[in-house]
Undergrad: 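Can you keep this structure in mind? I'll have questions shortly.
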Amino acid sequence: FTHHWNNPDSIITARDVSLRLADFALEDKRPADSSRFLFSKEIILTAGNINWMNERKLYKYQVNNLAMSSHDKSLDCGKINISPLLGEEAFMNKVKVQIDRFDVVLDRIQLRNLNYIALFNGVVEADSLLISKAALKVYKDFGQPRDNVNRVGTFPHQILKKLPLSINIRKAVVSNGFVEYKQLTPKTGQKGKVQFYAVSAFVDNITNQPAAILANNICRADARSLFMNKARLKATFFFNLASNNGGFSIDGHIGSLDARSLNRISQPLASAKIVKGTINGVDLHVKGS
């Protein structure tokens with residue numbers, strides 16, 4: 001089926017959709033039964049493919065192999081893609097300003113102990129969010145003019161507070177990820193890449209619910225990766241959910257590496273070449289808003 005969403009140009013399409021209602025009973029005289037959901041003891045919803053595009057026709061969003069079970073209190077998804085519809089140069093030439101071009105792939109996503117009654121009231125409550133594999137690629141062309149947009153208020157925990165959904169997920173785990181930031185620098189005409197391989201992350205207390213924030217106002221994320229596939233990196237992020245100005249802090253450590261491995265960054269971005277050297281390690285502490 002297809003459905004117009006938000007405006008006539010936004011169409012969501014779903015294929016191979018199946019809905020099963022087990023032990024269905026619709027009786028006005030029956031007392032309220034908290035074990036039933038949509039008048040059923042069990043609901044199983046599956047969809048082979050769900051997709052839509054954003055309003056500017058820059059991205060296609062796709063969800064594959066979705067399965068929801070009220071009995072198991074679970075939601076499973078084979079893959080989620082956020083795919084740009086144009087290549088890097090064509091994308092930037094269309095938008096004509098410096099913005100980030102995202103390419104996102106999430107594999108085997110699971111929500112466990114999901115509250116289905118709350119879900120259909122616009123509330124996402126679950127014990128855990130598990131992502132088996134993830135890839136995030138970001139590209140930016142610094143040859144384009146700046147858009148002069150004020151991005152104050154767009155840190156992750158600030159965006160979480162602005163979402164139209166009420167969310168309370170106790171923990172999230174990413175098992176195997178890859179992150180890349182690529183930038184075109186006009187001075188060199190080259191693209192420099194900063195890459196993080198074998199990313200694993202554990203995030204605690206993902207919520208925008210006032211009562212949950214009052215009980216615990218820190219969302220903590222512990223991450224591990226290989227920086228440029230060379231040096232071990234570990235970092236802990238502390239996001240203050242109660243802060244009015246997006247307060248956060250980061251503690252991190254990067255292990256030793258041959259300094260020449262940074263030429264893949266320094267030459268394209270700054271026309272600087274490292275001839276020899278060793279970085280024994282880097283420790284950092286960042287606090288800001």
Side-chain angles (χ1 to χ4, degrees), residues 1-6 10-52 61-82 104-134 156-157 159-175 201-216 219 221 241:
F1 68 87
T2 61
H3 177 66
H4 292 285
W5 190 24
N6 291 334
S10 298
I11 300 176
I12 182 169
T13 303
R15 294 184 174 87
D16 301 324
V17 179
S18 172
L19 176 64
R20 175 188 171 190
L21 303 177
D23 193 3
F24 180 81
L26 180 58
E27 297 182 17
D28 292 338
K29 296 181 180 180
R30 175 173 295 204
D33 186 350
S34 61
S35 68
R36 289 182 179 272
F37 179 61
L38 294 181
F39 309 104
S40 305
K41 283 290 187 181
E42 181 181 5
I43 294 177
I44 299 176
L45 172 66
T46 61
N49 178 277
I50 304 171
N51 63 77
W52 66 99
Y61 307 99
Q62 190 166 29
V63 178
N64 293 327
N65 300 321
L66 178 71
M68 304 170 64
S69 170
S70 62
H71 180 267
D72 296 333
K73 297 182 179 180
S74 65
L75 184 152
D76 293 81
C77 182
K79 181 174 288 189
I80 296 176
N81 289 72
I82 302 174
V104 182
V105 180
L106 305 177
D107 281 318
R108 297 188 299 280
I109 304 101
Q110 305 171 49
L111 275 170
R112 290 290 174 257
N113 200 19
L114 176 65
N115 186 333
Y116 268 82
I117 295 176
L119 180 65
F120 276 77
N121 289 316
V123 179
V124 180
E125 292 185 340
D127 281 343
S128 58
L129 168 63
L130 310 176
I131 302 174
S132 297
K133 190 176 181 181
H157 54 315
I159 294 174
L160 177 64
K161 292 177 72 172
K162 295 176 182 178
L163 290 177
L165 292 174
S166 175
I167 294 176
N168 190 3
I169 300 175
R170 291 155 191 73
K171 66 177 181 180
V173 180
V174 179
S175 299
F202 181 96
V203 187
D204 180 59
N205 193 35
I206 306 170
T207 186
N208 57 12
Q209 296 180 355
I213 293 174
L214 187 62
N216 179 8
C219 173
L241 301 173

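Starting from 1, each residue takes its place in the sequence as its number. Heavy-atom basis, side chains included; hydrogens, waters and symmetry copies ignored. Computed from a predicted structure; not experimentally measured.
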Undergrad: Return the OG to CG distance between S74 and L130, rounded to the nearest 0.5 Å.
TA: 11.0 Å
Undergrad: How many angstroms lie between atom NZ of K162 and atom NE2 of H157, to the nearest 0.5 angstrom?
TA: 11.0 Å
Undergrad: Under the criterion side-chain contact (heavy atoms from CB on, under 4.5 Å), which of I50, N49, V17, D76 is the partner of L66?
TA: I50
Undergrad: With a 4.5 Å limit on heavy-atom distance, are the side chains of S128 and N113 in contact?
TA: no
Undergrad: Which distance, rounded to the nearest 0.5 Å, do you find between the CG of L75 and the OH of Y116?
TA: 5.0 Å
Undergrad: How close do S175 and S132 get, heavy atom to heavy atom, and via which atoms?
TA: CB-O, 3.6 Å
Undergrad: Please enumerate all residues that pass side chain to side chain contact (heavy atoms under 4.5 Å, CB included) together with Y61, with sequence neighbours excluded.
TA: W52, N54, Y59, I82
Undergrad: Report the residues that fulfil side chain to side chain contact (heavy atoms under 4.5 Å, CB included) with I44, sequence neighbours left out, ordered by chain and then residue number.
TA: R20, E42, T46, S69
Undergrad: Applying side-chain hydrogen bond (donor to acceptor under 3.5 Å, both in side chains), can you list everything that pairs with D16, at least two apart in sequence or on another chain?
TA: none
Undergrad: What residues form a side chain to side chain contact (heavy atoms under 4.5 Å, CB included) with K133, not counting sequence neighbours?
TA: D107, N176
Undergrad: If I take atom CG from residue N121 and atom CG from residue L165, how far apart are they, to the nearest 0.5 angstrom?
TA: 11.5 Å
Undergrad: Taking only residues two or more places apart in sequence or in another chain, which ones pass side chain to side chain contact (heavy atoms under 4.5 Å, CB included) with N216?
TA: D204, N205, I218
Undergrad: Tell me, please, which residues at least two apart from Q62 pass side-chain hydrogen bond (donor to acceptor under 3.5 Å, both in side chains).
TA: none
Undergrad: Counting C-beta onward and ignoring hydrogens, is there a side-chain heavy-atom pair between V105 and K79 closer than 4.5 Å?
TA: yes
Undergrad: Is the backbone of L241 close enough, under 3.5 Å, to the side chain of K161 for a donor and an acceptor to pair up by distance?
TA: yes
Undergrad: Can you tell me how far CE of M68 sits from CG of L19, rounded to the nearest 0.5 angstrom?
TA: 10.0 Å
Undergrad: Begin from the C-alpha positions of N81 and V104 and carry the test side chain to side chain contact (heavy atoms under 4.5 Å, CB included) through to its verdict.
TA: CA-CA 6 Å; N81 289 72; V104 182; over 6 Å; no
Undergrad: Can you name the residues that form a side-chain hydrogen bond (donor to acceptor under 3.5 Å, both in side chains) with N208, not counting sequence neighbours?
TA: none
Undergrad: Evaluate the side chain to side chain contact (heavy atoms under 4.5 Å, CB included) criterion for residues V123 and N115: first the C-alpha distance (whole Å), next the side-chain angles of each, then the deciding distance (0.1 Å), finally the verdict.
TA: CA-CA 8 Å; V123 179; N115 186 333; over 6 Å; no
Undergrad: Rounded at 0.5 Å granularity, tell me how far CZ in R108 sits from SG in C77.
TA: 11.5 Å
Undergrad: Could you report the tightest heavy-atom contact between I109 and L106, atom names first, then the distance?
TA: CD1-O, 3.4 Å
Undergrad: Report all side-chain donor-acceptor pairs from residues 166-174 shorter than 3.5 Å, counting only partners two or more places apart or in another chain.
TA:
residue, atom, partner, partner atom, Å
S166, OG, Q209, NE2, 3.1
R170, NE, D127, OD1, 3.3
R170, NH1, A126, O, 2.8

